[in-house]
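Quick caveat, the model's predicted, so the values are computed rather than measured.
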Amino acid sequence: MTNRKKQKGSDTAVQGTNDNSVVSKVSAAAHGYFQDCFQQHFVRKVARRSPLINRGYYVRWRAVEYCMRTFLQVTQHCAKRQILSLGAGFDSLYFRLYGDAALSKAVVFEVDFPDVTRRKAALIQSNVSLSGMLDSHHVLSSTGPVYVSSSQYFLLGVDLRHDAHVEEALLKAGLDPTAPTLILSEVVLTYMETQQSDDIISWAAKLLHQSLFVMYEQIHPQDPFGRIMQEHFLKLNSTLHAIRQYPDTDAQRQRFLDKGWEQCVCLDMNEFFLRLIPDDERRRVERLEPFDEYEEWHQKCSHYFILTASRGSLTAQALLVHPEAPLQCPSWGSTGLVVKTEPVCVEGFGMASTLLGGGHVLLTGGSCRTGRGAPSRVVRQGLEGWKSVRAKPSAHSSVRLYHSVTSISGGAAVIYGGRSSPVKPIRGLLKVTLHLEGSPGPEDVVNLREERMECTGAHPPLRWRHSATLVSHEGKDFLFVFGGKNESETVLGDGYFLDLDQQHWTEVTVDGAAPEARHSHSACSYQGGLVLFGGHGRRGEPLGDIVVMKPNKRGFCWERVDVQPPPCPRYSHGAHVIGDHLIVVGGVWLHSDGVPGVAVINLSRRCSVEFSLVTTSVPWPLMLHSFCCELIQKDAQLILIGGGGNCFSFGTHFNPQLVTVDLGPALTATDQTSRCSDSTKQEFVI
């Protein structure tokens with residue numbers, strides 16, 4: 001009896017995901033992501049979703065639509081074809097296809113829980129627009145299992161976990177096992193026990209010999225985003241089951257081949273969006289709403305897949321195609337770097353940081369649990385480890401995210417750029433200095449003195465997600481601002497020099513081809529100039545190039561650095577330089593092989609190694625994007641502060657504590673690798 005009640009509660013929760021999903025689809029359609037004037041008839045109350053959720057439902061709709069339209073095109077000359085939607089919920093599929101006159105010689109069968117289909121049938125019956133799209137001989141029933149019966153549309157209320165009952169009801173409704181059939185399953189089977197969903201996949205392969213199975217579900221349960229995603233569905237009493245046994249696209253593909261399907265193609269949604277959607281369509285979507293949640297967008301897409309599996313030569317023509325340009329794989333080192341937590345509670349994402357004198361790390365701006373506009377904060381390293389230092393707020397403090405703060409001479413720092421919202425960039429520059437009050441002790445207080453810098457010259461266009469780096473030319477210090485984005489440009493590729501002595505924006509000659517436009521990249525001071533790495537490029541993909549801006553007699557010169565193996569492209573990472581080593585930390589990449597850890601790039605020997613982070617001692621998911629990263633040179637230690645973001649519809653995550661990483665093992669391993677590489681090259685030449 002207890003198990004029955006538990007199962008009923010779980011079934012009710014799963015049915016609730018349908019109501020949530022329909023509201024999100026209506027929101028995305030209302031904002032122009034796709035056309036669907038019928039879905040709104042299945043919603044009692046319309047609600048506006050965030051741009052991130054609208055995009056998420058767009059790419060889901062686009063993927064399923066792509067597969068469905070391909071199937072209809074391939075089977076257009078067949079005497080009969082069928083669409084079987086499993087767990088259809090309140091989807092408007094039939095009405096959308098009918099309205100597009102796309103149902104020639106086609107019949108749509110929808111199956112879901114009796115409670116869901118009963119409600120859907122009642123909505124159809126009460127709506128003149130919907131009921132008018134059924135033929136004049138249609139039948140509406142309140143007893144089931146067939147709740148709607150029309151010449152091209154059948155709505156069935158049957159529990160999918162009982163495939164014998166499903167088959168019996170479908171055959172009675174007129175499903176033809178010999179006709180080409182498209183089977184749709186959008187986040188349905190994973191809510192069942194894995195054995196039950198496996199049985200459905202096998203059942204469909206045995207029953208329908210000329211068919212295409214299209215499935216959209218979740219993957220990657222064990223990385224930080226995947227853990228948060230699973231926790232979300234657990235709270236909803238809608239556990240994701242199959243994701244454990246089939247955690248990635250390879251496992252899902254093999255699953256279908258093992259269950260009787262002849263061919264299978266499985267892509268994560270980053271691959272689908274970036275490789276199979278035309279550039280002009282992606283640009284159209286990017287212009288629909290102000291958007292600045294790139295990290296969560298790419299992570300959401302990496303945790304969902306679209307799969308097509310076929311039976312029969314005809315439907316094999318409707319399989320998804322593999323992208324021509326596969327994503328670059330990271331080259332992992334054998335050493336893992338241990339992450340340790342520190343008892344310092346500082347959270348927030350979109351902050352900026354810099355290391356000042358006395359071991360003080362200045363943290364500015366960002367968004368935290370209490371909202372945007374967090375006051376500037378300071379943490380410092382003492383004899384007993386890291387601790388938070390109380391800071392007196394400044395009169396100039398304001399809401400500021402994705403800005404830069406750069407240490408300059410005299411123990412000061414310059415805050416530049418940022419935004420308060422995706423349509424409100426921040427103007428002006430601030431110069432910040434720290435002043436300790438009282439003797440060092442447990443009650444240290446830092447007074448932050450901020451003064452506006454009144455700069456002359458041609459100011460750069462306002463921006464955020466840029467880099468601002470200290471460089472030197474002819475004995476003078478300049479702040480070099482490069483890239484970023486603003487409310488009118490998705491990426492910027494311009495650079496500007498600020499003469500810090502004169503507080504004047506000036507021109508300095510830079511020879512060579514400038515790097516590709518980008519945002520959320522890194523740029524570190526290096527040998528008087530800088531080294532730039534990665535970022536989010538114009539096509540919406542992470543970049544992996546390394547470009548050095550070197551001083552010369554005229555000014556500076558851009559120079560590409562080719563590294564083998566090339567580091568995996570990423571953005572929203574942290575970076576620092578130790579000697580000739582560029583240390584790249586965290587970020588977002590599109591490859592499914594783990595999450596970014598630490599890449600050590602030897603700029604002189606031109607080699608690189610990726611190191612995973614060992615986070616077993618960290619009790620919460622460590623999300624290393626939109627975070628702050630500082631290097632303690634004397635200890636070869638990284639301090640990582642903040643990070644996280646709005647994780648699609650799964651909630652907002654903050655890393656609650658400061659963590660540290662010892663770089664010693666990585667530097668040693670990289671030097672050994674580069675020496676071995678040099679030796680091999682020498683032997684080869686001889």
Side chains of [X] and [Y]: donor-acceptor distance under 3.5 Å anywhere?
X: Asn655; Y: Glu347; value: no
X: Asp268; Y: His220; value: no
X: Gln381; Y: His360; value: no
X: Thr364; Y: Ser376; value: no
X: Asn602; Y: Ser604; value: yes
X: Asn270; Y: Ser302; value: no
X: Arg449; Y: Thr433; value: no
X: Tyr496; Y: Asp494; value: yes
X: Ser472; Y: Asp477; value: yes
X: Thr456; Y: His504; value: yes

Is there a donor-acceptor pair under 3.5 Å between the side chain of [X] and the backbone N or O of [Y]?
X: Ser525; Y: Leu470; result: yes
X: Thr469; Y: Ala523; result: yes
X: Asn486; Y: Pro461; result: no
X: Thr615; Y: Val618; result: no
X: His298; Y: Gly540; result: yes
X: His653; Y: Pro621; result: yes
X: Thr660; Y: Ile639; result: no
X: Arg62; Y: Tyr33; result: no
X: Arg400; Y: Gly350; result: no
X: Thr406; Y: Ala468; result: yes

* **Distance under 6.0 Å and angle within 45° of ring axis: Arg55 vs Phe291** =>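 Yes; both conditions hold, so Arg55 lies above the ring face of Phe291.
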* To do: Validate the cation-pi geometry between Lys25 and Tyr57: distance from NZ or CZ to the six-membered ring centre under 6.0 Å, angle to the ring axis within 45°.
  => no
* Might you confirm whether atom CZ of Arg538 has over 12 heavy atoms from other residues, nucleotides or ligands at distances under 6.0 Å? =>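 Incorrect, the count does not exceed 12.
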* Give a yes or no on this: more than 12 heavy atoms of other residues, nucleotides or ligands lie within 6.0 Å of atom NZ of Lys476. => yes
Electrostatic pair [X]-[Y], nearest N-O below 4.0 angstrom:
X: Arg275; Y: Glu541; answer: yes
X: Asp279; Y: Arg284; answer: no
X: Arg465; Y: Glu295; answer: yes
X: Lys340; Y: Asp662; answer: no
X: Asp292; Y: Arg419; answer: yes
X: Arg554; Y: Asp511; answer: yes
X: Arg283; Y: Glu286; answer: no
X: Lys431; Y: Glu450; answer: no

* For Lys424 and Glu487, run salt bridge (charged side-chain N to carboxylate O under 4.0 Å, His left out): C-alpha distance rounded to whole Å, both residues' side-chain angles, the deciding distance at 0.1 Å, then the answer. => CA-CA 7 Å; Lys424 292 183 179 179; Glu487 70 275 25; over 6 Å; no
Could you grab the distance from atom [atom1] of [X] to atom [atom2] of [Y], nearest 0.5 Å is fine?
X: Leu624; Y: Cys629; atom1: CG; atom2: SG; answer: 8.5 Å
X: Phe627; Y: Met351; atom1: CZ; atom2: CE; answer: 10.5 Å
X: Ser367; Y: Asn646; atom1: OG; atom2: CG; answer: 7.5 Å
X: His303; Y: Met269; atom1: NE2; atom2: CE; answer: 14.0 Å
X: Leu640; Y: Thr341; atom1: CG; atom2: OG1; answer: 12.0 Å
X: Glu342; Y: Lys387; atom1: CD; atom2: NZ; answer: 13.5 Å

* Does Val598 reach the side chain of Leu613, with side-chain heavy atoms less than 4.5 Å apart? -> yes
* Heavy-atom check, side chain of Val379 versus side chain of Val389, under 4.5 Å -> no
* Evaluate the side chain to side chain donor-acceptor pair (under 3.5 Å) criterion for residues Asn54 and Ser27: first the C-alpha distance (whole Å), next the side-chain angles of each, then the deciding distance (0.1 Å), finally the verdict. => CA-CA 7 Å; Asn54 285 338; Ser27 174; 2.8 Å; yes
* Asked: Between Trp464 and Tyr416, does the ring centroid distance fall short of 6.0 Å?
  ->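 That pair fails the under 6.0 Å test.
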* Less than 6.0 Å separating the ring centroids of Tyr571 and Tyr294? ->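 No, the ring of Tyr571 stays outside the 6.0 Å limit from the ring of Tyr294, centre to centre.
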* Asked: What do the steps show when you test Thr354 against Ser407 for side chain to side chain donor-acceptor pair (under 3.5 Å), and what is the final call?
  -> CA-CA 6 Å; Thr354 193; Ser407 295; 2.5 Å; yes
* Report the C-alpha distance between Ile426 and Leu462 in whole Å, list the side-chain angles of each, state the deciding distance to 0.1 Å, and finish with yes or no for side-chain contact (heavy atoms from CB on, under 4.5 Å). => CA-CA 7 Å; Ile426 304 294; Leu462 302 178; over 6 Å; no
* For the pair Leu434 and Leu356, evaluate side-chain contact (heavy atoms from CB on, under 4.5 Å) and give the outcome as yes or no after the intermediate values. => CA-CA 8 Å; Leu434 305 184; Leu356 298 177; 3.4 Å; yes
For residues [X] and [Y], report the shortest heavy-atom separation together with the two atoms involved.
X: Ala28; Y: Phe34; answer: CB-CE2, 3.7 Å
X: Gly586; Y: Pro596; answer: O-CB, 3.3 Å
X: Gly645; Y: Glu296; answer: CA-OE2, 3.1 Å
X: Phe533; Y: His521; answer: O-CB, 3.6 Å

* To do: Evaluate salt bridge (charged side-chain N to carboxylate O under 4.0 Å, His left out) for Arg570 paired with Glu610, printing each intermediate quantity in order.
  => CA-CA 12 Å; Arg570 75 202 75 194; Glu610 303 267 3; 2.5 Å; yes
* **Identified ring-ring contact (aromatic ring centres under 6.0 Å, His included) partner of Phe556 from the options Phe497, Phe480, Phe478** => Phe497
* Check step by step if side-chain contact (heavy atoms from CB on, under 4.5 Å) holds for Leu631 and Leu663. => CA-CA 10 Å; Leu631 171 68; Leu663 288 175; 3.9 Å; yes
* To do: List the steps, then state whether side-chain contact (heavy atoms from CB on, under 4.5 Å) holds for Leu603 with Tyr526.
  => CA-CA 10 Å; Leu603 296 171; Tyr526 178 59; 3.7 Å; yes
